[in-house]
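Accompanying notes for the structure given below.
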There are 2 protein chains.
Amino acid sequence: MTNAEPPSRPVRTLADLARVAGVSAGTVSRALADKSLVNPETRQRIQALAAEHGFRPNQMARRLRTQKTGVIGVVVPLGHERRQHLSDPFFMTMLGHLADALTENGYDVMLSRIIPDAADWLERIVDSGMLDGVLLIGQSDQMEAIERVARRYRPLVAWGSSAPGQVHCAIGTENVAGGQLAGEHLIARGVRRIAFLGELRAPEIRQRYDGVCAAAAAAGVPPPLQLDTHLASDMVEQEIARHMARHLDRIDGIAAGSDVIAMATLRVLADHGMAVPSDVPVVGYDDLPLALQTVPRLTTVKQDIARGAKAMVDALFARIAGEDSPSVVMAPELVVRDSA
Amino acid sequence: MTNAEPPSRPVRTLADLARVAGVSAGTVSRALADKSLVNPETRQRIQALAAEHGFRPNQMARRLRTQKTGVIGVVVPLGHERRQHLSDPFFMTMLGHLADALTENGYDVMLSRIIPDAADWLERIVDSGMLDGVLLIGQSDQMEAIERVARRYRPLVAWGSSAPGQVHCAIGTENVAGGQLAGEHLIARGVRRIAFLGELRAPEIRQRYDGVCAAAAAAGVPPPLQLDTHLASDMVEQEIARHMARHLDRIDGIAAGSDVIAMATLRVLADHGMAVPSDVPVVGYDDLPLALQTVPRLTTVKQDIARGAKAMVDALFARIAGEDSPSVVMAPELVVRDSA
DNA sequence: TGAGTCGTTGCAATCGATTGCAATATGGAA
DNA sequence: TTCCATATTGCAATCGATTGCAACGACTCA
């Protein structure tokens with residue numbers, strides 16, 4: 001018997017281990033996979049040997065052979081709004097839930113933050129052969145690219161809105177209805193001159209704005225004043241400060257396009273010595289965890305991100321299994337706290 | 001000439017494209033890699049053909065062959081504190097910077113949130129053959145595991161503290177000095193009975209606490225009252241509320257173990273009708289982006305996360321290139337805003 | 001015209017694990 | 001004792017791209 005201690009992890013490949021065990025590579029492979037074809041004794045012996053030598057099969061080779069990677073791509077397309085950072089709280093919250101659900105199911109997560117400058121950014125991702133499926137956090141302004149790829153690549157699910165006739169599977173909430181909830185709540189609080197903070201190139205923000213407009217129209221109050229507010233976190237506060245300096249005397253309530261915007265607004269209003277909600281009610285959108293942490297606590301339109309993430313993952317798994325999965329649109333919900 | 005249109009992406013592999021182009025697979029490979037060995041005309045013809053057919057090489061095969069993956073693993077070990085979520089703002093901020101730096105350099109990011117229950121969790125990651133390098137966000141209580149792996153696996157860099165004789169490369173800040181800054185600042189503001197919010201099992205939190213203690217001892221004020229506060233975001237606020245209900249009358253200043261804790265504290269203090277900083281000054285730790293957004297703005301000890309992330313990536317690249325890279329400890333810095 | 005060069009291209013091995021099929025051994029039945 | 005069914009194991013092809021080496025052609029120069 002060769003009692004030479006292994007000098008420097010000589011057991012790197014299946015073949016190495018096979019040599020040590022005195023069997024063929026195929027047998028080792030089957031033993032490690034717990035296939036019933038191998039003799040139980042041999043199997044246990046090989047597994048013990050594998051553990052002893054700290055052997056781990058090369059995933060690259062395994063994946064090439066089996067044509068499954070066990071990796072899901074989570075991609076954040078940053079179409080307009082290039083300065084928006086990956087650390088945006090909404091993305092991160094969504095990503096956290098997604099990553100949890102995915103890893104629980106044994107998948108790895110590959111993260112991509114993409115600025116879609118090349119027209120084929122999405123095909124480059126799905127055709128890389130690296131991924132078993134792709135999750136898109138947001139559609140940005142890339143509807144055509146997404147539709148084009150979805151026509152031939154099934155395991156693809158996006159967070160966002162779904163239109164009739166849309167090919168790709170999208171999970172999202174009814175943004176127009178959500179905006180309407182926000183508008184109605186402000187109006188019920190006596191607000192007449194609403195300001196909407198958010199820029200309209202992002203489709204979901206535009207829909208929220210449309211909802212606020214609808215609420216205003218229905219109640220017979222003037223249409224809201226729309227003020228562009230970008231999402232890059234380092235800029236929001238200055239931008240809002242500028243808006244407030246100029247328009248604060250002409251408004252008496254604020255609907256923010258997102259909680260991040262709402263939180264920055266709270267900050268700016270405090271600088272102006274305005275009390276929230278007594279001087280100016282503010283309602284946010286998203287109901288991120290931080291909405292609970294602000295002073296005052298944020299009244300906001302809740303998108304159930306945890307449920308959305310779970311729905312996305314479920315839909316993706318269904319598609320990976322070859323089944324079909326419909327788009328989902330969830331109802332938003334007004335969460336009344338202290339800011340409005 | 002065969003003018004049959006490609007029916008369903010028949011060009012999937014190098015060999016397919018080679019057949020279409022009438023050359024061998026090797027030539028196609030070289031042409032696509034812009035090797036000088038191939039005739040410029042052939043090269044252009046093949047590249048045009050590749051674009052026309054939307055051909056993308058299978059990354060799995062490429063990586064198996066070249067033994068490089070172009071993927072960096074970013075892993076968050078959750079040793080103690082299992083309920084801490086991936087969406088923790090500190091992780092996310094760090095992850096955002098890391099991902100930006102990595103993707104700028106052409107690497108993909110594989111994300112893992114790990115609960116190290118298996119003893120070999122780290123070797124399982126580094127030996128998977130999937131990764132060109134690994135970045136650890138935090139050391140948790142896994143120093144031994146990290147040291148063990150670092151002894152034989154070079155491209156590994158952690159965020160955290162470095163002790164003399166430590167094998168693995170760690171980038172971090174001087175937490176004791178940071179805690180001291182916080183303590184000194186509170187004391188200079190007239191605080192005598194400091195409360196420290198944070199639980200001591202996490203080494204970096206313990207060091208910050210030690211720093212606060214040192215400051216107190218040096219100034220001759222009583223040692224701080226330490227109150228356990230976990231990091232799971234859904235629990236913090238209740239926990240702090242309980243602490244405050246019990247101890248608020250016995251303290252006159254608060255050093256928080258992190259900005260997240262500080263922010264929740266601000267919330268709770270508002271509920272108690274306490275003014276910050278006039279009734280109770282509060283200083284945070286980290287200087288996350290959200291420290292700018294709170295009301296009042298958070299006075300805090302800054303860890304330059306952006307710089308830290310860059311340092312981690314630089315160190316990792318050096319190690320991938322076979323060079324060596326030392327641990328780095330950066331000096332924290334007190335950022336005085338409005339909360340203390 | 002023949003030898004030597006250079007520029008291109010093809011051939012075939014390789015990365016490491018998986019798996020269909022063939023081969024062997026073992027036991028039981030006739 | 002012979003034959004067959006069954007349980008294990010080995011062999012070799014395969015996944016798709018990369019790359020060292022050999023081969024081929026054209027061209028130059030003697």
Side-chain angles (χ1 to χ4, degrees), chain A residues 9-47 49-51 53-71 108 124 126-132, chain B residues 9-47 49-51 53-71 108 124 126-132:
Chain A
R9 303 193 78 258
V11 181
R12 303 198 44 70
T13 74
L14 253 192
D16 291 340
L17 188 54
R19 199 173 318 117
V20 173
V23 297
S24 77
T27 302
V28 175
S29 172
R30 282 183 277 250
L32 261 25
D34 260 337
K35 292 271 174 80
S36 56
L37 289 79
V38 294
N39 185 311
E41 290 172 25
T42 329
R43 190 194 318 172
Q44 296 206 355
R45 192 167 55 85
I46 292 178
Q47 289 183 353
L49 237 28
H53 289 83
F55 170 76
R56 342 239 158 218
N58 181 305
Q59 295 298 325
M60 230 82 230
R62 168 198 188 74
R63 289 167 185 192
L64 172 60
R65 178 60 226 244
T66 61
Q67 303 288 38
K68 311 207 141 288
T69 68
V71 180
D108 287 323
R124 206 174 291 183
V126 304
D127 292 334
S128 72
M130 288 289 303
L131 270 20
D132 283 351
Chain B
R9 302 194 76 258
V11 181
R12 301 195 44 69
T13 73
L14 254 191
D16 292 340
L17 188 55
R19 200 173 318 117
V20 173
V23 295
S24 76
T27 302
V28 175
S29 173
R30 283 182 276 250
L32 261 24
D34 259 339
K35 293 268 174 80
S36 55
L37 289 79
V38 294
N39 186 311
E41 289 171 26
T42 328
R43 187 193 322 169
Q44 296 208 354
R45 191 167 56 86
I46 292 177
Q47 290 183 353
L49 237 28
H53 289 83
F55 169 77
R56 342 240 159 218
N58 181 306
Q59 294 298 324
M60 231 79 231
R62 167 198 190 76
R63 290 166 185 196
L64 172 60
R65 179 61 227 246
T66 59
Q67 302 287 37
K68 311 207 140 288
T69 68
V71 180
D108 287 324
R124 206 175 290 185
V126 304
D127 291 335
S128 71
M130 288 288 302
L131 269 20
D132 283 350

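Here is the naming used below: chain letters follow the sequence lines, and residue numbers restart at 1 for every chain.
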message = Would the base of C:dG16 count as contacting A:Arg56 through its side chain, where contact means a donor and an acceptor less than 3.5 Å apart?
response = no
message = Strictly below 4.0 Å: does A:Ser24 bring a side-chain N or O up to OP1 or OP2 of D:dG10?
response = yes
message = Counting only side-chain nitrogens and oxygens, does B:Thr27 get under 4.0 Å of the OP1 or OP2 atom of C:dG10?
response = yes
request  = Measure from CG on B:Leu14 to P on D:dT19 and round the result to the nearest Å.
outcome  = 12 Å
inquiry  = If I take atom CG in residue B:Leu37 and atom P in nucleotide D:dA23, what distance separates them, rounded to the nearest angstrom?
reply    = 18 Å
query = C:dT19 phosphate, OP1 or OP2: any side-chain N/O from A:Lys35 under 4.0 angstrom?
reply = yes
inquiry  = Whether A:Thr13 contacts C:dG16 is assessed here as follows: a side-chain N or O lying under 4.0 Å from the phosphate OP1 or OP2. Is that the case?
reply    = no
message = So, OP1 or OP2 of C:dG16: does either fall under 4.0 Å of a side-chain N or O from B:Gln67?
response = yes
request  = Check whether the side chain of B:Arg62 and the base of D:dT18 form a donor-acceptor pair under 3.5 Å.
outcome  = no
task = May I ask you to say whether B:Arg43 pairs ionically with B:Asp34, meaning some side-chain N is under 4.0 Å from a carboxylate O?
result = yes
task = Under 4.0 Å between any heavy atoms, over every strand shown, what does A:Arg63 touch: base, sugar-phosphate, or nothing? Just pick one.
result = nothing
message = Between A:Thr42 and D:dT9, is there a contact of a side-chain N or O with OP1 or OP2 at under 4.0 Å?
response = yes
message = With heavy-atom distances below 4.5 Å as the criterion, would you say the side chains of A:Val23 and A:Ile46 are in contact?
response = yes
message = For a 4.5 angstrom cut-off between non-hydrogen side-chain atoms, does B:Leu49 reach B:Val20?
response = yes
ask   = Rounded to the Å, how far apart are A:Arg43 CZ and D:dT9 P?
value = 10 Å
remark   = When rounded to whole Å, the CD1 to P distance for the pair A:Ile46 and C:dA17 reads 14 Å
query = Rounded to whole angstroms, how far apart are NZ on B:Lys68 and C1' on D:dA17?
reply = 16 Å
inquiry  = Could you check whether any side-chain heavy atom of B:Leu14 comes within less than 4.5 Å of a side-chain heavy atom of B:Phe55, counting everything from C-beta outward?
reply    = yes
message = Quick check on DNA chain D: between A:Val23 and B:Ala61, whose nearest nucleotide comes earlier from the 5' end?
response = A:Val23
message = Rounding to an integer number of Å, can you tell me how far A:Arg19 CZ sits from D:dC11 P?
response = 14 Å
request  = Could you check how far CG of A:Asp16 sits from C1' of C:dA17, rounded to whole Å?
outcome  = 13 Å
